[in-house]
Amino acid sequence: MINLQFFARYREQLDCEAEQLPWDASLQTLADVRQHLLARGEQWQVLAEPRIMCARNQELCSLEALIADGDELAFFPPVTGG
Amino acid sequence: MRIAVQQQAFDPGEWLNRLQGDNQGTGAVVGFVGYVRDYNDGDPVAGMWLEHYPGMTEKALQGIADQASERWPLLDVQLIHRVGQLDPGEPIVFVGAASAHRQAAFAATEFIMDYLKTRAPFWKRETTPQGERWVESRESDEQALERWSSQP
């Protein structure tokens with residue numbers, strides 16, 4: 001199982017803050033998961049933004065990072081704290 | 001070292017004073033306070049909502065403070081960031097560093113702020129006369145970060 005989280009503008013536009021995705025060995029990287037989500041249709045195209053940021057198990061990572069069963073993955077827009 | 005992420009207001013003066021502590025080897029304390037402005041991108045701002053990624057936020061801030069401590073001879077680092085609803089004029093973030101000499105404390109404080117602004121999972125949504133809007137990240141923040149990769 002993969003635990004997915006979305007934040008800020010993505011959370012609002014997707015109307016989803018978290019969901020669980022069944023583990024699928026064909027999804028090897030965060031980019032694969034993103035592609036899987038984009039294939040769901042129009043509403044999910046917000047994740048196509050080139051400046052998207054992501055985290056694996058609460059650490060920033062690149063879209064090319066490898067994932068494993070049980071991971072917590074998050075997608076979010078560029079951060080604006082401070 | 002102390003790191004906090006909280007909804008409650010805080011007193012920056014109290015955090016600044018804590019940096020010297022009981023350490024008489026401290027020769028310099030530098031503190032930065034970020035405030036909520038009442039305007040942004042040409043519009044008045046009536047308030048702000050700070051979203052974050054609970055769990056990751058604390059780890060990210062700890063990681064940034066640890067990096068600064070490895071890079072400069074710091075005697076203490078204090079970092080607090082608010083989340084939730086804020087009014088214009090309220091402090092939103094405090095970052096402070098203590099060291100024997102001023103250079104380390106100045107540089108570390110800037111370093112921590114530059115990393116925080118581009119790497120810590122916070123998002124601002126501001127209230128304007130046109131409604132609520134998510135604040136866009138600035139290219140200049142990303143550029144501010146780059147100087148630390150070349151400069152010692």
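In what follows, every chain begins at residue 1, and chains take the letters A, B, ... in the order their sequences are listed.
Proximity of a side-chain donor or acceptor of B:His81 to a complementary backbone N or O of A:Gly82 within less than 3.5 Å is detected.
Only the side chain of B:Lys59 comes within less than 4.5 Å of a heavy atom of chain A; its backbone N, CA, C and O stay farther away. If you measure heavy-atom distances from B:Ala120 to chain A, the contacts under 4.5 Å come from the backbone alone. In this structure, the portion of A:Ala55 lying under 4.5 Å from any heavy atom of chain B is its side chain and not its backbone.
Here A:Glu12 is the residue among A:Glu12, A:Glu59, A:Glu72 with the most heavy-atom pairs under 4.5 Å with chain B. Counting heavy-atom pairs closer than 4.5 Å to chain B, the top-ranked of the candidates A:Arg11, A:Gln5, A:Met53 is A:Arg11. For the options B:Leu50, B:Val135, B:Val83, heavy-atom pairs under 4.5 Å to chain A are most numerous at B:Val135. Between chain A and the options B:Met113, B:Arg119, B:Arg82, B:His52, heavy-atom pairs under 4.5 Å are most frequent for B:Arg119.
Atom CZ of B:Phe122 sits about 12.0 Å away from atom CZ of A:Phe7, to the nearest 0.5 Å. Here the CD-CZ distance, from B:Glu136 to A:Arg9, works out to 5.5 Å after rounding to the nearest 0.5 Å. Interatomic distance, B:Glu51 CD to A:Thr80 OG1, rounded to the nearest 0.5 Å: 9.5 Å. Separation of atoms CG (A:Leu60) and CE (B:Met56) is listed at 4.0 Å; rounding is to 0.5 Å.
More than 12 non-hydrogen atoms from other residues, nucleotides or ligands lie less than 6.0 angstrom from CD of B:Gln6. In this structure, A:Asp15 places its CG atom where only 12 or fewer heavy-atom neighbours from other residues, nucleotides or ligands lie under 6.0 Å away.
Criterion: ILVMFWY side-chain heavy atoms under 4.5 Å apart, direct or through other members. Under it, A:Trp23 and A:Phe75 are part of a common hydrophobic cluster.
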For this session: Let me see the working for A:Arg51 and B:Ser137 under side-chain hydrogen bond (donor to acceptor under 3.5 Å, both in side chains), right down to the final yes or no.
Result: CA-CA 10 Å; A:Arg51 297 180 67 211; B:Ser137 65; 2.6 Å; yes
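Closest of all the heavy-atom pairs between A:Pro77 and B:Trp123 is O-NE1, 2.9 Å.
Ring pair B:Tyr53/A:Phe76 is perpendicular by interplanar angle, where above 60° counts as perpendicular and below 30° as parallel.
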